[in-house]
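Letters go in sequence order (proteins before strands), and every chain restarts at 1.
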Amino acid sequence: MLAERVQRVMAAWAAEEGWREAPICQLERPAEEAHGDYATPVCMQMARAARRSPRHLAEELRLRLLADKEVARLVESIEVAGPGFLNLYLNGTAYSEAMTEMLAQGEEIGRVPPRAHPRINLEFVSVNPNGPLHVGHGRYAAYGDSLHRLLAFSGANVTTEFYINDFGRQMDRFGRSVAARYAQSFDLDLPVPGDGYQGDYVNEIAAGARAKVGDRYVAALRPAAVERRPAAAAGAESGGAPSPRAGEDLAAMAEEVFEDEGAEESSDWPQDPGVLEAVAFFKSWGCQAMLEGMRTELAGFGVLFDCWFSETALHSSGRLERVVQRLLETGEAYREGDAVWLRTTSRGDDKDRVLIRSNDQPTYFAADIAYHEDKLERGFEHLINIWGADHHGYVPRMNAAVEILSGRPGTLEVIIGQLVNLLEEGALKQMSTRRGEMVTLAELIDAIGVDAARFFLVSRSQDQTLDLDIDLARRHSQENPVYYVQYAHARISGIVRNVPEGTVTAISEGSGVFASPYERALIKRLESFSSVVQDAAERRAPHRIVAYAQELSADFHVFYKHCRVIGAEPDDASARFALCLVVRRVVFRCLDLLGVSAPESM
RNA sequence: GCGCCUGUAGCUCAGCUGGAUAGAGCAACGGACUUCUAAUCCGUGGGCCGCAGGUUCGAAUCCUGCCAGGCGCGCCA
């Protein structure tokens, strides 16, 4: 309103002076209170073209603005300041009208009406279902879910998705690990493979399987138990590496084999049909059990997915094969040296990438292409993927692939989330999924609760590595800023409970309400909410909501200290009550966007 | 070697599609509860915004180079 009016004055001035176009007079909200409610640097920007000093221009603009009826109605004073800034001070009418408008917006203040297009698919977490979710996954879950809420609130059409990496060697190892624990529970001497999963949760899954199928697979697994030992020694020496590398330190090689997830198959379990069938069963069983656990855990964390998509299904349905075939036909893919390659260099990648290896096995990349083709065929027009920083090297090829599939660049948007460093007793805590050494999301939630965990995990920009001190999280849980924000909500709820019967929310014009700087600061903050939401959504930056929520809460707590609602003069009481209600709606919304609860009392 | 991310107060970090004297929380110190919840408020101290150039009326912000840390650079997933 004011901004538009100012722009109109600007345009009229430009017309008078014969300027080709009116300079855009951006009204900013200065950080410094002494710089007014609004400020504009426009005169400094136009000084050169106008060949006049910024302060002279500012003085003329000041007079022109004051001469405008509508501007004069809302503005207390206008000052020329500094090198040529124009500072505008609003009067009580402007504040009252702003509040009246915000009050009328109701519960959904700040929400943008839903748009049908583009249809957005937002994929995040997407892990191998072979171990507990750890804190890093928790960060992606919290970030992705908040982003989902933020995008939806700002009108986007978003579907969330969890890609289940239930295919490949890691899952085979997981299956053998469960099988081994199962066998052990029947006193069979079948150790968990060295490259397998050692965590206690594997025992629990095996126990669950035993409760379901009894001893059905014990006999089938016996060959693995008997034959394993002698083979193990030989396996360790060759390390499963296809070509011996003379001169390399044996210990270093062994270390590499252990750490390298991409090492060639090193399991020495016999390829006995019974064993294979048993392992397949335990893999499937374990996968289902883990997924069920994750679904429950994520739901408890406030994160619900619209769709869970299985990688294995891409292989079994033939989609993977079809897309590779299609790419070969269109010439985007080609055969070379027994392998099939995708020409990703045509879309900005450093080198072409293998789709089908020379042993006829498809790569993970090929499956991912099939997956993204599926997303496109389901009608999604924009695909957002949230990946860990350790996958960022994968971005160019995937961008290229989706561009090839969709025929237009920019369809895929990969958001790289940096990792979480866990500190314990001031030292970095190293984690390994297979050894079962890690801090799980469940442990973090146990230590500090869902609200604090979610608030904390999204409080920093996602492209910033996040240091999480476990001891601090435990010890200072009371001092987490989440309580500061929740407390603002609880305090307002207290006012709502205690307000005398018949108190109305009304802002009477000309009654001199909202005269204090505390009320005005709050109103200004509330007014910026919708632009903060838009900004946070566009920049995929939910942490801005965290910062805003803290600022709004701070403004409220100061207001609360200085301004009574109950017991104030009737005009003030009604106006402040209205103000409180709007603050509560916005605080509630911020917390909701973050997946944090908004308590009525604390 | 190449690519991506990061370097801001003692600590953890905002601010980065350029604006005035660079902010918050924690930690430290000193104050405020006969009033709607003191999980709060008020005050004090604390900074070559990694370094050096450049663009601009104006740079923490944009460009270049350098230094430091993290991650990545497979016919692994």
Side-chain angles (χ1 to χ4, degrees), chain A residues 26 28 30-32 34-35 39-41 44-45 47-48 53-54 81-85 87 128 165 167-171 260-264 311 336-341 350-351 353-365 367-368 388-396 416-419 421 423 456 459-469 472 476 478-488 490-500 535 538-539 541 543-544 546-547 550-551 553-554 556-568 573 576-577 580 601-602:
Chain A
Q26 198 70 44
E28 298 168 353
E32 197 74 30
H35 297 145
T40 178
M44 278 132 69
Q45 288 155 352
R48 173 169 287 191
S53 86
F85 286 99
N87 296 340
N128 293 107
N165 294 142
F167 188 89
R169 270 197 287 279
Q170 287 305 320
M171 288 310 293
D260 186 0
E261 298 189 1
E264 284 304 312
E311 179 185 355
E336 188 178 300
D338 292 337
V340 177
W341 302 69
D350 293 341
K351 51 182 173 184
R353 307 291 175 170
V354 171
L355 295 176
I356 307 293
R357 291 181 269 170
S358 43
N359 65 1
D360 284 339
Q361 292 299 306
T363 59
Y364 179 85
F365 181 47
D368 227 358
D390 51 346
H391 288 91
H392 78 256
Y394 193 74
V395 174
I416 294 300
Q418 295 297 320
L419 307 171
N421 289 326
L423 305 169
F456 188 80
S459 64
R460 272 88 212 228
S461 160
Q462 90 292 337
D463 53 25
Q464 182 91 359
T465 53
L466 190 140
D467 287 337
L468 179 55
D469 189 321
L472 200 74
H476 293 282
Q478 281 294 97
E479 289 157 33
N480 193 300
V482 67
Y483 300 110
Y484 185 81
V485 177
Q486 288 182 318
Y487 189 47
R491 273 185 148 176
I492 300 172
S493 300
I495 293 175
V496 172
R497 276 193 302 274
N498 294 323
V499 91
D535 198 52
E538 276 167 25
R539 298 185 189 216
H543 73 273
R544 289 184 181 233
V546 174
Q550 290 184 89
E551 290 159 1
S553 301
F556 172 75
H557 287 306
V558 173
F559 158 82
Y560 184 91
K561 182 75 179 175
H562 292 94
C563 303
R564 298 280 309 172
V565 176
I566 296 167
R576 288 172 182 172
F577 190 44
C580 285
S601 66
M602 288 172 74

Original post:
Where the side chain of A/Arg491 is concerned, which of B/U6, B/A38, B/A77 is the nearest nucleotide?
Top reply: B/A38
Subject >> Rounded P spacing from B/C63 to B/C16 in Å >> reply: 15 Å
Original post:
For A/Arg576 and A/Arg564, which heavy atoms make the closest approach, and how far apart are they?
Top reply: NH1-O, 2.8 Å
**OP:** For A/Gly494, answer base if it contacts any base atom (sugar-phosphate contacts may also be present), sugar-phosphate if it contacts only those atoms, and nothing otherwise; contact means non-hydrogen atoms under 4.0 Å.
**Re:** sugar-phosphate
Subject >> Check: A/Thr363 side chain, A/Val354 main-chain N or O, donor-acceptor pair, under 3.5 Å >> reply: yes
**OP:** Quick one: label A/Phe365 by what it contacts on the DNA or RNA (base, sugar-phosphate, nothing), any heavy atom closer than 4.0 Å.
**Re:** nothing
Original post:
Considering heavy-atom distances to RNA chain B, does A/Pro481 or A/Gly337 have its closest nucleotide positioned more toward the 5' end?
Top reply: A/Pro481
Original post:
Which is true for A/Ala490 with a 4.0 Å heavy-atom rule: it touches a base, it touches only sugar-phosphate, or it touches nothing?
Top reply: base
Original post:
So what does A/Val565 hit on the nucleic acid, given a heavy-atom distance under 4.0 Å: a base, only sugar-phosphate, or nothing?
Top reply: base
Subject >> Span that lies between the P atom of B/G47 and that of B/G58, in whole angstrom >> reply: 27 Å
Original post:
In whole Å, what separates the C1' atom of B/G45 from that of B/C29?
Top reply: 8 Å
Original post:
Given B/C41, is OP1 or OP2 found less than 4.0 Å from the side-chain N or O atoms of A/Tyr484?
Top reply: yes
**OP:** Name the orientation class of the two ring planes belonging to A/Tyr394 and A/Tyr364 (parallel below 30°, tilted from 30 to 60°, perpendicular beyond 60°).
**Re:** tilted
**OP:** May I ask you to say what A/Asn165 touches in the nucleic acid, namely base, sugar-phosphate or nothing, with a heavy-atom cut-off under 4.0 Å?
**Re:** nothing
Subject >> Atom pair CG/CG of A/Asn421 and A/Leu468 - distance to nearest 0.5 Å >> reply: 9.5 Å
Original post:
Can you tell me how far CD of A/Glu551 sits from CZ of A/Arg544, rounded to the nearest 0.5 angstrom?
Top reply: 10.5 Å
Original post:
Can you tell me how far P in B/A77 sits from the matching atom in B/C62, rounded to whole Å?
Top reply: 38 Å
Original post:
Is there a donor N/O on one and an acceptor N/O on the other, under 3.5 Å, for the side chain of A/Thr363 and the base of B/C75?
Top reply: no
Subject >> A/Asp467 CG to B/U6 P, straight-line distance once rounded to whole Å >> reply: 15 Å
**OP:** To the nearest 0.5 Å, tell me how far A/Arg491 CZ sits from A/Tyr560 OH.
**Re:** 5.0 Å
Original post:
How long is the span from the OG1 atom in A/Thr465 to the CZ atom in A/Arg460, to the nearest 0.5 Å?
Top reply: 11.0 Å
**OP:** Using the P atoms only, state how far B/C49 lies from B/G23, rounded to an integer number of Å.
**Re:** 14 Å
Original post:
In terms of side-chain heavy atoms of A/Ala339, which of B/A32, B/C75, B/G70 is nearest?
Top reply: B/C75
**OP:** Answer yes or no: is there a side-chain heavy-atom contact under 4.5 Å between A/Phe577 and A/Ile566?
**Re:** no
Subject >> Atom-to-atom span, NZ of A/Lys561 to P of B/A39 - whole angstrom >> reply: 11 Å
**OP:** Look at all strands and tell whether A/Ser358 reaches a base, only sugar-phosphate, or nothing, counting heavy atoms closer than 4.0 Å.
**Re:** base
Original post:
Can you check whether A/His543 has a side-chain N or O nearer than 4.0 Å to OP1 or OP2 of B/G15?
Top reply: yes
Subject >> Pair assignment for RNA chain B - dot-bracket with | for other-strand partners, Watson-Crick or G-U under 3.5 Å >> reply: (((((((..((((.....[...)))).(((((.......))))).....(((((..]....))))))))))))....
Original post:
Is a side-chain donor or acceptor of A/His557 paired with a backbone partner of A/Ala554 at a separation under 3.5 angstrom?
Top reply: no
Original post:
Which comes earlier along RNA chain B counting from the 5' end, the contact point of A/Asp463 or that of A/Phe456, where each point is its nearest nucleotide?
Top reply: A/Asp463
Original post:
Quick one: which of B/C41, B/C4, B/C36 gets closest to the side chain of A/His392?
Top reply: B/C4
Subject >> Interatomic distance, A/Arg169 atom CZ to A/Asn128 atom CG [nearest 0.5 angstrom] >> reply: 12.0 Å
**OP:** Can you tell me, in whole Å, how much space there is between the C1' of B/G3 and that of B/G43?
**Re:** 49 Å
**OP:** Report the distance from atom CD of A/Gln170 to atom C1' of B/C76, rounded to the nearest whole Å.
**Re:** 9 Å
Original post:
Going 5' to 3' along nucleotides 16-22 of chain B, which nucleotides have protein heavy atoms under 4.0 Å from the base (write B), which only from the sugar-phosphate (write S), and which from neither (write -)?
Top reply: SB-BB--
Original post:
To the nearest angstrom, how far is A/Tyr560 atom OH from B/C42 atom C1'?
Top reply: 17 Å
Original post:
Step by step, would you call A/Leu466 with A/Gln418 a side-chain contact (heavy atoms from CB on, under 4.5 Å)?
Top reply: CA-CA 7 Å; A/Leu466 190 140; A/Gln418 295 297 320; over 6 Å; no
**OP:** Measure from CZ on A/Arg169 to P on B/C76 and round the result to the nearest Å.
**Re:** 7 Å
Original post:
Separation of A/Leu466 atom CG from B/C71 atom P, in whole Å?
Top reply: 15 Å
**OP:** Round to the nearest Å and state the distance from A/Asn480 atom CG to B/C11 atom P.
**Re:** 21 Å
**OP:** Give, for atom CZ of A/Phe556 and atom OH of A/Tyr484, the distance between the pair rounded to the nearest 0.5 Å.
**Re:** 10.5 Å
Subject >> Spacing of the C1' atoms in B/A27 and B/G1 (rounded, Å) >> reply: 43 Å
Original post:
Can you tell me how far P in B/A24 sits from the matching atom in B/G15, rounded to whole Å?
Top reply: 15 Å
**OP:** Identify which nucleotide among B/G3, B/A14, B/C36 has an atom closest to any side-chain atom of A/Ser461, counting heavy atoms from C-beta outward.
**Re:** B/A14
Original post:
Rounded to the Å, how far apart are A/Arg564 CZ and B/C41 C1'?
Top reply: 15 Å
Original post:
Do any side-chain nitrogens or oxygens of A/Arg357 fall under 4.0 Å of OP1 or OP2 in B/A77?
Top reply: yes
